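Take a look at the structure below.
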Amino acid sequence: MPLVLYNTAARAKQSFQPIEPDNVGMYVCGPTVYDNAHVGNARPIVVFDVLYRLLRRTYPAVTYVRNITDVDDKINAQAKSSGEKIEAITERTIQTFHEDMLALNALPPVHEPRATEHIGRMIDMIQTLIEDGYAYEAEKHILFHVPSMLNYGQLSGRNRSELIDGARVEIAPFKQDPADFVLWKPSTPDIPGWDSPWGIGRPGWHIECSAMSTQYLGNTFDIHGGGRDLIFPHHENEVAQSLCAYPQSKFAKYWVHNGFVTVEGKKMAKSVGNVLSVHELLNDFPGEAIRLTLLSAHYRQPLDFTHEGLKASKKILDRWYRTIGPCKGAAHGTDIDDIPENVIEALNDDLNTPRAISALHGMLDSPHQFRAGANILGLMQEDAETWFHKSADSDELQIQELLSQREAARKERDFKTSDRIREELSQKGVFLEDNPDGTTTWRHQ
RNA sequence: GGCCAGGUGGCGGAGAGGCUACGCACCGGAUUGCAAAUCCGUGUACACCGGUUCGAAUCCGGUCCUGGCCUCCA
């Protein structure tokens, strides 16, 4: 079966037909770098990483673009409250983001454009929109005039009257229509600003993605992804701007949106105090356990991220490392290798990762197949030694010392001492296994 | 109020008119100094009420519940 994706724009699964089979283009909305990535941010990264791996296997080239939003009022607010310089915040956050995503085995995108480096193109687009009558200036703001676009609302399935009915946010008085949105806004000297035909200012939220996606992928490209909360208004407005600025284009052909993450059954929010940052989670769990947890539900389903779930994922990976060992490397299964048919079938069916994982469980007695399947999911990339023994605070020498004491005791059939040492190590989170041949192996719990 | 998802065994989670995945946990057995690991085996499910059908977890209608979005949240 060829690849089928659920296209939000069509509200249906559609078979994937690339515009140019030689080079597939995919744009995914990346992080706003005012704080470290949380598990909700990590979900689309991991989901689209699987899609990227899958596409790379089928097509000769995949241009994967994931932006970094480094100009945003949330960043400005963060700087103001902490006193840290904006560049320091963004650089540090980007650095940590890269480390965290690497720990989740997410491949880097081909391009990772930053908003601040594409202001010129945004200004050009805005100017085109003004010239063609889609945008207007009001009190130093440039606004996109929604009624000027006939089909506005197609992606999210809304019409303007619905929006206005439900509006719960104050409408800026200078808007010609309540649905109009900001393309450019003025900056005061204390916040970042760029020179423009409309004075010193900064871009609105949506325009950066329109400018950067089309710059790297062309005005019409294959896949645009992100969290489903972005469908409206962000992606709807991206579509509006882009289609009006580039009238001959189609913008994105397939819109792919992942479902939300909750934490222990509750919405993750700063106000609830349950935001789980990937960075902190990585102190307690390996990145692959987080990755497997994120892939354990279908990407469009809601995912409840729990401590129990993470432990279950860790346990599954333990078992896999124990029976199969690492799956990294060209020797057995790069992404062009023979991926088992049932794994491919599952992934081709709108990225059904739970089914792919289930297929993996059935392959424990055929390591070669298992490795190729695990590889395309970006799992089992550690070596077993690291997997079982890596720990920030473990003192391996001390463990070895206790192990040899215990071995001596067992030879004497002094099981009291032997069990005492087992218990002592267990307190440190070190788990011992006595093998049938008399040797003892250990691992972190 | 409007729009959109979803409710599957103790838990996680696929499937989508007949064959009733898979994993974790539990229980029984083998093995074991103990424990773990491993192997074998058993059980439990489709929110509720109607309808269509030879047959419904799956289709249709209604009810209840949960979550998301409704102008800068992935």
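Each chain gets a letter, A, B and so on, in the order its sequence line appears, and its residues count up from 1. Note: hydrogens, waters and symmetry copies are ignored here, and every other heavy atom, side chains too, is used. Quick caveat: nothing in here was measured; it's all calculated off a predicted structure.
- No engagement by A/Thr262 is indicated, since no non-hydrogen atom pair under 4.0 Å with the nucleic acid exists.
- Using a 4.0 Å heavy-atom criterion, one finds that A/Glu236 contacts no nucleic acid atom at all.
- At a threshold of 4.0 angstrom between heavy atoms, the contacts of A/Arg443 are confined to the sugar-phosphate backbone, with no base atom among them.
- At least one side-chain heavy atom of A/Phe181 sits less than 4.5 Å from a side-chain heavy atom of A/Leu183.
- At the phosphate of B/A5, neither OP1 nor OP2 sits under 4.0 Å from any side-chain N or O atom of A/Arg11.
- Looking at heavy-atom distances under 4.0 Å, A/Asp434 makes contact with a base.
- Counted by atom type alone, A/Thr188 and A/Asp190 present one or more donor-acceptor pairs between their side chains at under 3.5 Å.
- Among the protein residues, A/Lys185 comes within range of the nucleic acid bases, having at least one heavy atom under 4.0 Å from a base atom.
- For A/Glu433, the listed nucleotide lying nearest its side chain is B/A36; candidates were B/G13, B/C69, B/A36.
- Aromatic stacking of A/Phe431 on B/A36: not satisfied for centres closer than 5.5 Å together with planes under 30 degrees.
- Taking atom P in both B/C27 and B/A37, the straight-line distance is 13 Å, to the nearest Å.
- In this entry the distance linking OH of A/Tyr6 with C1' of B/C4 reads 9 Å, nearest Å.
- Below 30°, between 30° and 60°, or above 60°: for A/Tyr254 and A/Phe16 the angle between ring planes is between 30° and 60°, a tilted geometry.
- The residue A/Ala312 sits apart from the nucleic acid: no heavy atom pair falls under 4.0 Å.
- The C1' atoms of B/A56 and B/C48 are separated by 15 Å, rounded to the nearest whole Å.
- Here the C1' atom of nucleotide B/G68 and the CE atom of A/Met268 are 14 Å apart, to the nearest Å.
- A/His38 comes within 4.0 angstrom of a base, heavy atoms only.
- Atom pair A/Trp320:CH2 and B/C22:P shows a separation of 15 Å (rounding to whole Å applied).
- As judged by a 4.0 angstrom heavy-atom cut-off over every strand, A/Gly226 is placed among residues touching the sugar-phosphate backbone only.
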Pairs counted only when both distances fall under 3.5 Å, Watson-Crick or G-U: show me the 5' to 3' dot-bracket for RNA chain B, [ ] for pseudoknotted crossings and | for other-strand partners. (((((((..(((.....[...)))..((((.......)))).....(((((..]....))))))))))))....
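- Distance noted for atom P between B/C69 and B/G50: 36 Å (whole Å).
- Here, B/C59 and B/G43 have their P atoms 28 Å apart, quoted to the whole Å.
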